[in-house]
**Q** 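Questions regarding the structure given below will be posed in turn.
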Amino acid sequence: MARDAGIPVVLDGGRWKPDHARLLPLVDIAICSAAFAPPDAEDVFDHLHRIGVNAVAVTRGQQPIRYSADGIRGEIAVGDVDGADTLGAGDILHGAFCAYHSRGHDFADALTRAAAVATLSCRSFGTRAWEDRLGELAE
């Protein structure tokens, strides 16, 4: 129904679960952790694109986010977060991505901006203390 209404379906993929096999053909964008490993898939990007997922990103903690969309593969740097509180960082990344993407930012730009928000969130203790510092990010 979302796709019919022009609303992209975004998957937050943590670890592979058997039900993903039925769900993935309905997904437009998949943002997954490095632990998301479909069985018999040598390359998660190729595997998900073959199923019909248009844009894919793989988060890897403080390492750059790898992505593939529109025939382009790249990486997005993640800022340093010494003494990080990573509680909720993945959820914040996904929420920020959806907010930026829904405002018309393309996949890579929305992902870059979301990574900055998630990084900022890790620099404060708790899941909401960072919100007062959102103004530090370029809009």
Side-chain angles (χ1 to χ4, degrees):
M1 288 173 52
R3 192 176 271 167
D4 290 344
I7 300 168
V9 176
V10 180
L11 172 73
D12 176 351
R15 295 191 184 280
W16 175 263
K17 296 178 178 82
D19 287 340
H20 285 129
R22 290 186 332 196
L23 179 64
L24 283 167
L26 305 173
V27 171
D28 299 300
I29 299 168
I31 302 174
C32 308
S33 76
F36 190 86
D40 302 322
E42 288 184 32
D43 181 282
V44 70
F45 297 110
D46 290 342
H47 179 79
L48 295 182
H49 287 315
R50 254 191 317 276
I51 291 171
V53 179
N54 298 322
V56 181
V58 176
T59 62
R60 305 176 300 153
Q62 281 191 263
Q63 294 180 355
I65 298 169
R66 296 172 52 220
Y67 72 89
S68 176
D70 301 318
I72 299 169
R73 290 193 183 193
E75 291 189 343
I76 294 169
V78 176
D80 292 331
V81 286
D82 294 334
D85 177 13
T86 60
L87 180 64
D91 293 330
I92 291 167
L93 175 84
H94 284 85
F97 171 82
C98 289
Y100 285 118
H101 195 264
S102 70
R103 291 183 192 145
H105 294 270
D106 69 29
F107 176 72
D109 186 54
L111 194 57
T112 299
R113 291 170 183 267
V117 172
T119 297
L120 178 66
S121 78
C122 290
R123 292 181 176 151
S124 301
F125 182 73
T127 58
R128 295 187 186 244
W130 59 273
E131 292 174 332
D132 292 338
R133 298 179 55 202
L134 271 174
E136 296 174 19
L137 301 175
E139 197 51 39

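In what follows, every heavy atom counts, from backbone to side chain, and hydrogens, waters and symmetry copies are set aside.
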**Q** Give the minimum heavy-atom separation between P25 and R3, together with the two atoms involved.
**A**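 Residues P25 and R3, closest heavy atoms: O-NH1, 3.5 Å.
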**Q** Can we call the ring centroids of Y67 and F45 under 6.0 Å apart?
**A**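 They do not qualify: ring centres at least 6.0 Å apart.
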**Q** Main chain of V9, side chain of D28: is a donor-acceptor contact present, judged purely on distance under 3.5 Å?
**A**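 Yes; judged by distance alone, with no hydrogens or angles, the pair exists.
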**Q** To check you understand the geometry: which heavy-atom pair defines the closest contact between S68 and F107, and what is its length?
**A**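 Scanning both residues completely, I find the closest heavy atoms to be O-CE2, 4.4 Å.
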**Q** Kindly compute the distance separating NE2 (H101) from CG (D106), expressed to the nearest 0.5 Å.
**A**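 Going from the NE2 atom of H101 to the CG atom of D106 covers 7.5 Å.
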**Q** With rounding to the nearest 0.5 angstrom, report the CG to CG distance, D91 to D12.
**A**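 Here the interatomic distance stands at 6.0 Å.
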**Q** H94 side chain to I31 main-chain N or O, any donor-acceptor pair under 3.5 Å?
**A**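 Present.
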**Q** May I ask you to test the L11-H20 pair for a side-chain heavy-atom distance under 4.5 Å?
**A**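 Yes, their side chains come closer than 4.5 Å.
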**Q** As a quick check of understanding, evaluate side-chain contact (heavy atoms from CB on, under 4.5 Å) for V117 and Y100, giving each step before the final call.
**A** CA-CA 11 Å; V117 172; Y100 285 118; 3.9 Å; yes
**Q** Determine, step by step, whether I29 and F97 satisfy the side-chain contact (heavy atoms from CB on, under 4.5 Å) criterion, reporting the C-alpha distance in whole Å, the side-chain angles of both residues, the deciding distance to 0.1 Å, and the verdict.
**A** CA-CA 11 Å; I29 299 168; F97 171 82; 3.9 Å; yes
**Q** Tell me the closest heavy-atom pair linking L48 and C32, and the distance in Å.
**A**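 Taking L48 first and C32 second, the nearest heavy atoms are CD1-SG, 4.4 Å.
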**Q** What are the two closest non-hydrogen atoms of W16 and A21, and how far apart are they?
**A**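 Nearest pair, atom of W16 first, then A21: CH2-N, 3.7 Å.
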**Q** Are the side chains of V58 and F36 in contact, using a 4.5 Å heavy-atom criterion?
**A**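 When only atoms from C-beta onward are counted, V58 and F36 do not touch, as no gap falls below 4.5 Å.
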**Q** What's the separation between atom OG1 in T59 and atom CG in L93, rounded to the nearest 0.5 Å?
**A**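 The CG atom of L93 is 6.5 Å from OG1 of T59, to the nearest 0.5 Å.
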**Q** What about L24 and I7, same hydrophobic cluster or not, with Ile/Leu/Val/Met/Phe/Trp/Tyr joined at side-chain heavy-atom distances under 4.5 Å?
**A**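 No, separate clusters.
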**Q** Write down the atom of V53, the atom of H49, and the distance for their closest heavy-atom approach.
**A**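 The answer is O-ND1, 2.9 Å.
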**Q** Specify the closest pair of heavy atoms between A115 and A77, including all atoms of both residues, with the distance to one decimal.
**A**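 Shortest heavy-atom contact: CB-O, 4.4 Å.
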**Q** Quick check: is I51 connected to V10 through a chain of hydrophobic side chains (ILVMFWY, heavy atoms under 4.5 Å apart)?
**A**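 No, V10 and I51 fall in different hydrophobic clusters.
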**Q** With sequence neighbours excluded, give me every salt bridge (Lys or Arg N to Asp or Glu O under 4.0 Å) pair touching residues 36-60.
**A**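 For residues 36-60: D43-R73, D46-R73, R60-E75.
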